[in-house]
Every structure is written in C-alpha cells, then in structure tokens.
Peer 1: 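First, the structure itself, so that you have it in front of you.
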There are 2 protein chains.
Amino acid sequence: MLQQYPHDNRVLVATDCIIFGFDGEDLKVLLIKRNFEPEKGKWSLMGGFMNVNEDLEVGAKRILHELTGLENVYMEQLQAFGEVSRDPVERTVSVSFYALINIHDHDAELARANNAYWVSLDKKPSLIFDHDRMVTMALQRLRYKAALHPIGFELLPEKFTIPQLQRLYEAIYSNSFDRRNFSRKILSTKLLIDTGEKNEQGITKKAVLYRLDQERYQRQFNAFLNFIADF
Amino acid sequence: MLQQYPHDNRVLVATDCIIFGFDGEDLKVLLIKRNFEPEKGKWSLMGGFMNVNEDLEVGAKRILHELTGLENVYMEQLQAFGEVSRDPVERTVSVSFYALINIHDHDAELARANNAYWVSLDKKPSLIFDHDRMVTMALQRLRYKAALHPIGFELLPEKFTIPQLQRLYEAIYSNSFDRRNFSRKILSTKLLIDTGEKNEQGITKKAVLYRLDQERYQRQFNAFLNFIADF
DNA sequence: GAGAAATCGTGTACAAATAACACGATTTAC
DNA sequence: GTAAATCGTGTTATTTGTACACGATTTCTC
C-alpha cells in the first residue's frame, strides 16, 4: 500500500475556539489580547496548530484546556475556514469549535497568563484574520442549536433560577420574552428539578433554585422546544 | 513579517462531496465505485485534494463540477473530519460539503466516466474511510436545514407539483404527512406561484404546476416553516 | 371506451400551543 | 417603614396544528 499520496500541497491546520460564557447579564466570549506574533497587540480567538498525531477534536480540547483549565465541557465543531489568504503568514486551514462553559468555573490565572478577557458580544472589538466571521457564525449556530436542544444549561451553574435562565435566553437571542409564558414553557419540559432552596448568598433570593434532571436531559436532548426569535 | 510558521506538521487537506438528488421517489446520493487506489473496487464519496492556492469552497465546487458538470448549485459546508487514522495512507483532514442538485440536470456522461451512480439512501452500500458518517451527518444537517429554510426546492425541477414536493419532504424525513395539511402549509408561505399549467408529458397531469417565487425566496429564506418530524 | 380506483383540491371541526394580560405574595431599595 | 420591583401562579383569546369528509378529475383495468 502507498505510504504517501503523490502530492505536494500539504498545509498547516489550526484550531480556533469560540468560548462562550454568561455572567448573568450578557453573553460573553473569551478573547486574547495577543502579546505574540503575528498581529501582536490585536485581539483574536484562542487558537493553536493541530499536531500530526492528534485528532482534530482532541486538539481543540487541548487548546480549550490550556486556556481555561477545563475538561468535559460542551464543545462542537463549527466548521473549517479555508480561504487562501485568511492567514497572511502562510496558507492555513482553521477548524473552529465553539464551547459553552460556566463562566465561574474557568481558571482565572490561566486566563491572565494568556492575556485573555471576557468580552460582551455587543462590545466585542474587531478580531484578526477571519475571527469576526467565526464568532458571528458561532453565535448563529448557538441560536439554532439552543432553539431546538437544551444546551443553554451548559452556560449556567449547577443550581440556577428560572429568571436567570430567561436572562440567558434573552442574551442569546437579543430579544425579550414574557416572564410568565417563559416559565411555564420551561417547566413543561420537566427538565428542571425544584431544589426547594433559595439563593442564600447571591444577589437575589426571591426565586427558587432549580437543577437539571440529568437523566431526562440525556434522554430528551433531541426533543426540546422551539424558542427561536426571528434571527 | 514571517514567511512561514516554524512548524513541521503540515498535512493534506481533502474535500468530499455529499451530492443529494431526488428522482420523484427516493432521496439519493451520488456515489463512486472506485476504479483507482486506494480502496479500489469499494464505494466512496466524490472527493479530491485541495490545492494550496485555492479556497476550500472553490475546491469543493471544482470537484462537484468535475463530476456533474454543474455550477451555481446549492452547496454548504458540513464540517471537517480530522481523526488521525481516518485515511490509512496518510494523515489527511477532509472538509465535507453537501450539495443539492436537480437530478435531471447533471451530466450523465461525466458521471459514467467517473464511475458514479445514484443510490437511494436506504440502499446505500458501506463506504470507505469515514464516508458513511459523512453521509449520515449530511442527512441530519439537511433535515435541520430543510425544516427551517426552503431549500427543498433546490432538489426539484423549475416547475413542480405540490404532491411532488410532498414526496420529497417525506423522503427527507422518512415520514408521511397529511396531504391536505401539507398543501395548505406550503401555500401559506406564499413562496409558490401557480403557473396555471399542468404537466403535459409527465406521468401525472392531475396536479397543478407551481414555480418558486424567486424574489420572495431570497427575502424570506430565513423565516420559513417548522416541519420537522421527530429526528 | 366504460366503470372502478386512485389522486387532487378545497372545506370543516376539534385539539393543542402560543400570546397577552391580571393578581397577590415576597423581597429589595430608599 | 413604605414604595417599587420581582416572583409565582392563573385566566382568556388567538393562532396554529391535526384529523377527517366530500366532490371533481384523472388514471387504470378489462
């Protein structure tokens, strides 16, 4: 069998991560203020090169781990970006992944060491290369996905209130929903378990804390709701 | 500025195309019976290597054109596949695209020359490498997409009847819909224009021929229906 | 070519989901 | 301590979805 294809068009493959977080108010992305070349001083996504002996997805998780210290987070491939001159240094195909993390779980020191900052989506600076487009498409994908599958919870702490969840969905869809209808719609999925507790030390202790019914979550991942605003 | 990154992990990037067609009965994919190495004699998707001076998408359209003679068809990237040993010959990252074409428009001689055949999805043979997974994911993506956006028309001739359109959707979702409700739902989108004609030479001339309102199609591409069976 | 079977278009009734709005109780802000 | 804001539950009207009926036309069968 052949050991190599008779081609001389091998290129670098990189991975860029769109890392989403939610601070209770805004939907945020984790961005790097680059203190390295190329494009030093500018903003970009967290990225890195894929190793030859490493699965694409494994590489993406490695890069996410390097920046956040996290493992086992929700991560999904967005798509490959492969325009000839997207990277001015050298032809590079980048495969982008988006991740949803609980913003309070990540390792702040690692972020600091990498010069990474959480930025609200509506205050996002311009990014290098085609990273702006990556973020735009990741948000769009998130909107599609979250409208049909219960992935919003990935952005929240283990225990959360329904108003919190609503603010998250409103941030994702840049839209507002009727408080009462939202609550009923969410509870009708039976995906939430009432813990009986209230937030003792938090800002608000009016609302009841719920947690996700993990078993149901797995079971009915493919049959959720239709939120969808008009996006 | 650097001319090259200091890495030695460049790999081949390939493109594989999942080409969907509809013959009035079944949803089909265009597959290659390989008369070349590697995996000669087995079935695979149409594919090829990306050139270093060629955008990914341009490469995908080139490959589609080589096999079908078509240009300006609906084509969308599925995702990149990048497991280390997906191609036993050499590490290769493949970026897959799916296309929707009018099955009667393609160049049959080109297909013959490439040893390509239309195969119904439910009679699909096993494919090489991870091509089976590509087809499965492409179908899933098509189901999502077609439930929210009016892309089904890309698979039909310019003029078509509502029963034809229904058979298409039933093929996509492996499901059946109520004839009367389907018709009303489709017409309520105002996307179809009644041509007044009936199919003179076709099999059936009972149903009225419609054509797509191109202007509306562009305008309300993002606000379509919710078909979705349970997938 | 005549009668039977299938298909097409339109119509109606009922059920479910969505949207809009009201109220009392609790918590927070001043 | 009082006013304003938030939370949970409830009610109603509208829209959308589902199930089934009928007559007209076309196709099939012999």
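All values below come from the heavy atoms of this structure, side chains included, with hydrogens, waters and symmetry mates left out. Chain letters run A, B, ... following the sequence lines, proteins first and then strands; every chain starts at 1.
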Peer 1: Rounded to whole angstroms, how far apart are CG on A:L165 and P on D:dC7?
Peer 2: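 Rounded to whole Å, this separation is 13 Å.
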Peer 1: Would you call the rings of A:Y117 and A:W43 parallel, tilted or perpendicular, where under 30° means parallel and over 60° means perpendicular?
Peer 2: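 Perpendicular: the ring planes of A:Y117 and A:W43 meet at over 60°.
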Peer 1: Find the distance B:F182:CZ to D:dT18:P and express it as a whole number of Å.
Peer 2: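 Distance, rounded to whole Å: 13 Å.
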Peer 1: Whole Å only: how far is the CG atom of B:L209 from the P atom of C:dG9?
Peer 2: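 Those two atoms, CG and P, are 10 Å apart.
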Peer 1: If you check every side-chain atom of A:K185, which of C:dT18, C:dG9, C:dC21 has the closest atom?
Peer 2: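 That would be C:dT18.
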Peer 1: Using heavy-atom distances to pick each residue's nearest nucleotide on DNA chain D, tell me which of A:R184 and A:V208 is more 5'.
Peer 2: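 The residue closer to the strand's 5' end, by nearest nucleotide, is A:V208.
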Peer 1: Would you mind reading off the distance between B:F160 atom CZ and C:dC8 atom C1', rounded to a whole angstrom?
Peer 2: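 Rounded to the whole Å, the gap is 17 Å.
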Peer 1: Could you tell me whether a side-chain N or O of A:R34 sits under 3.5 Å from a main-chain N or O of A:S44, the two making a donor and an acceptor?
Peer 2: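 No; judged by distance alone, with no hydrogens or angles, the pair does not exist.
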Peer 1: Return the orientation label for the A:H106 and A:W118 ring planes: parallel under 30°, perpendicular over 60°, tilted otherwise.
Peer 2: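 The arrangement is perpendicular - the two ring planes meet at more than 60°.
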Peer 1: Could you give the CZ-to-C1' distance, from B:R179 to C:dG11, as a whole number of Å?
Peer 2: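 B:R179 atom CZ is separated from C:dG11 atom C1' by 12 Å.
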Peer 1: With hydrogens left out and only the distance checked, is there a donor-acceptor pair under 3.5 Å joining A:R180's side chain and the base of C:dA22?
Peer 2: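 For A:R180, whose side chain was compared with the base of C:dA22, there is a donor-acceptor pair (under 3.5 Å).
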Peer 1: Determine, for B:E170 against B:R167, whether the closest basic-nitrogen to carboxylate-oxygen distance falls under 4.0 angstrom.
Peer 2: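 Result for this pair is no, no salt bridge flagged.
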Peer 1: Atom CZ of A:F177 and atom P of D:dG8: how far apart are they, to the nearest Å?
Peer 2: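 Taking CZ of A:F177 and P of D:dG8, I get 18 Å after rounding.
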Peer 1: What is the distance, to the nearest angstrom, from the CG atom on B:N181 to the C1' atom on C:dA15?
Peer 2: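 So the CG-C1' distance, B:N181 to C:dA15, works out to 13 Å.
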Peer 1: In whole angstroms, how far is the C1' atom of D:dC7 from the OH atom of A:Y210?
Peer 2: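 My rounded result for the distance is 10 Å.
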